[in-house]
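Both ligands and their constituent atoms are indexed starting at 1 by order of listing. Because the structure is a prediction, the values reported are computed rather than measured.
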Amino acid sequence: MAASASSTSLKLSSPSTTASWLRHRPLSSAFGVTTISLSQHRDQPRRFVVLSMDAKPTILVAEKLGEAGLKLLKEFANVDCSYNLSPEELCTKISLCDALIVRSGTKVSREVFESSAGRLKVVGRAGVGIDNVDLGAATEHGCLVVNAPTANTVAAAEHGIALLTAMSRNIAQADASVKAGKWLRNKYVGVSLVGKTLAVMGFGKVGSEVARRAKGLGMHVIAHDPYAPADRARAIGVDLVSFDEALASADFISLHMPLTAATKKILNDETFAKMKKGVRIVNVARGGVIDEEALVKAIDAGIVAQAALDVFTVEPPSKDSKLVQNENVIATPHLGASTMEAQEGVAIEIAEAVVGALKGELAATAVNAPMVPAQVLTELKPYVALAEKLGRLAVQLVAGGSGVKTVKVTYASARAPDDLDTRLLRAMITKGLIEPISSVFVNLVNADFTAKQRGLRLTEERIILDGSPESPLESIQVQIANVESKFASAISDSGDVTVEGRVKDGVPHLTKVGSFEVDVSLEGSLILCRQVDQPGMIGKVGSILGEENVNVSFMSVGRIAPRKQAVMAIGVDEEPSKQSLKRIGEISAVEEFVYLKL
Ligand SMILES: NC(=O)C1=CN([C@@H]2O[C@H](COP(=O)(O)OP(=O)(O)OC[C@H]3O[C@@H](n4cnc5c(N)ncnc54)[C@H](O)[C@@H]3O)[C@@H](O)[C@H]2O)C=CC1
Ligand SMILES: O=C(O)C(=O)COP(=O)(O)O
């Protein structure tokens, strides 16, 4: 079938819409919100939602949070501060909550997400480490996880330095002995820091601040971090070295990497054996990076002279823990982030992130979703709406939705390939493709996961256009391969169900169906008819719809040649009755037609 040479369009109205790439439930059920259907369309409550004055989301704050953060949360939501919940109590409460804020003391397990029955949209970790949150389960449930990665950096670094100095001068032990009435000046002779080698393991935010401060104490600082840029280390006079080199040359080792599968028990029997005899260890990162039994053995064997620990594999550690009770070990109860300043900062940082996410904004500190800068988001917003609508249209054109397995998306843009972030667009196309044919809610967080789980393979291609790269995209084309269509004209020359669209004056438009060029604003719903091009068709269809007060918002005819086959695309604000659709189908010139919900 040849492509049409021309298309005509008639724009009747263009109500604006709001897009939200994080909302994944009809908020009306979750928040008790007022749903305003801007298009007055019964089937689209999910898309047009505003919060009414009394309808606030509920945020469960499960661990102590600074006042400034609580104040911000309370301006937007009902805030339930319930500390020390048992895992069962947390699971019971969570089904009534839209967001959960925790620190390191609460396990946000798979059961928590399952118990939330889809209501939980955001988990805020008021701090850095997210090892207490089951990120896989969060992603599968489309729940965004945000953290507060910067506000406690200095506090953690200062605590690391405090432990380093306290350990090297036996401050804790000496203090306890004085309080016990003893005066043991010979017993508590310490070691000096100046000139000693400190190996910083994990040269991120905290590690580099520790390094900077240790340099100030006259230490020779080296660091191991497979992902840290060497120039950042060099800028503060630190050499990046291999793991083994760090272990072999350090007098002091300070741990600052996250707890991951790769770092779990990274200090173990084997690695302690590679250390200098008499090494001293500081851990302000996570207890799990050390094999605690191996550490006790290494202390007993004289390999490790002392350890200063703020974190433990199980917190709190048991009272009779051999590690904690060892006289060469000093311990603090996970106090790294516990300064007044850090806690206020963290509380504000996490409150802003959680409120922003609940409003549907993309959080800059998202842990399980792409972080898209605000500027890029503003620019992409109409394309995001277009992407979702093209996905919805394409899948509704398929005869039998479950056969949708291979989808090709082609972006035409004058921008350089690395100047166009398509993750958001891809997620929204996936949402559009999956939601009409399933009960799954898809958002930016779980789009790739959901596609993979359903065996949907989505490939992306770029067409690089000449011309001005002012707008990020010229067009988006969605093609579904190896399927039959309920509207044969939607199959293009390539044999795929094909729809293409572009953004005009900020509004998404459908510009191609199969090989037919059309031009219809993607609002409300859509009727596509293939007919023999002839005068009076627009009038005939229009009057059938008019009889039952269905408002036509947009109409466009794409044709091969005058008086040959044409595809008429009609945008309607209301859903026509089955009877009207049947009458349209019965117009003698109409060869096929389909009604599509956007
Ligand atoms: N005790 C406490 O209260 C606090 C503990 N922390 C913990 O400190 C750690 C570091 O926090 P930030 O510096 O803010 O994080 P960050 O993400 O800025 O830095 C972590 C660094 O570790 C590196 N890394 C990852 N895998 C590694 C490996 N196998 N070997 C060596 N380096 C590796 C990363 O490349 C990154 O540069 C985290 O575990 C965090 O949870 C942070 C704040 C307070
Ligand atoms: O931010 C981190 O990673 C911390 O370990 C701080 O934990 P906390 O918030 O004090 O329970």
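Relative to atom 35 (O) of ligand 1, the option among T260, V210, L309, D225 with the closest non-hydrogen atom is D225. Looking at M257, R232, E209 and measuring to atom 33 (C) of ligand 1, the nearest heavy atom belongs to M257. Ranked by closest heavy atom to atom 4 (C) of ligand 1, the top entry among V128, L335, D131, V284 is V284.
Listed by atom number, the atoms of ligand 1 under 4.0 Å from G202 heavy atoms are 22 (O), 31 (C), 32 (N). Here is the list of ligand 1 atoms found below 4.0 Å of a heavy atom in F203: 37 (O). Ligand 1 places these atoms under 4.0 Å from at least one heavy atom of A156: 43 (C), 44 (C). Every atom of ligand 1 with a heavy atom of H334 under 4.0 Å away is listed here by number and element: 1 (N), 2 (C), 3 (O). Near H256, meaning under 4.0 Å from one of its heavy atoms, ligand 1 places the atoms 9 (C), 10 (C), 20 (C), 21 (C), 22 (O).
Salt bridge present: D448 and R426 bring a charged side-chain N and a carboxylate O closer than 4.0 Å.
At the top of the distance list for atom 11 (O) of ligand 2, counting protein heavy atoms only, stands S104 OG, 2.5 Å.
With a 4.0 Å heavy-atom cut-off, ligand 2 is reached by the side chain of N152 but not by its N, CA, C or O.
Neither side chain, Q173 nor Y188, offers a donor N or O lying under 3.5 Å from an acceptor on the other. Under 3.5 Å, the side chains of H141 and T139 contain no donor-acceptor pair of N or O atoms.
In terms of polar-atom proximity, defined here as any N/O pair under 3.5 Å, R125 does make such a contact with ligand 2. Backbone and side-chain nitrogen or oxygen atoms of G105 are examined, and none is located within less than 3.5 angstrom of a nitrogen or oxygen of ligand 2. Geometrically, ligand 2 and V128 share a nitrogen or oxygen pair separated by less than 3.5 Å.
Looking at N443, its side chain does come within 3.5 Å of a backbone N or O of G142 through a donor-acceptor pair. T332 places no side-chain N or O within donor-acceptor distance of the main-chain N or O of H334, the cut-off being under 3.5 Å.
Within the structure, ligand 1 lacks A262 among the residues with a heavy atom less than 4.0 angstrom away.
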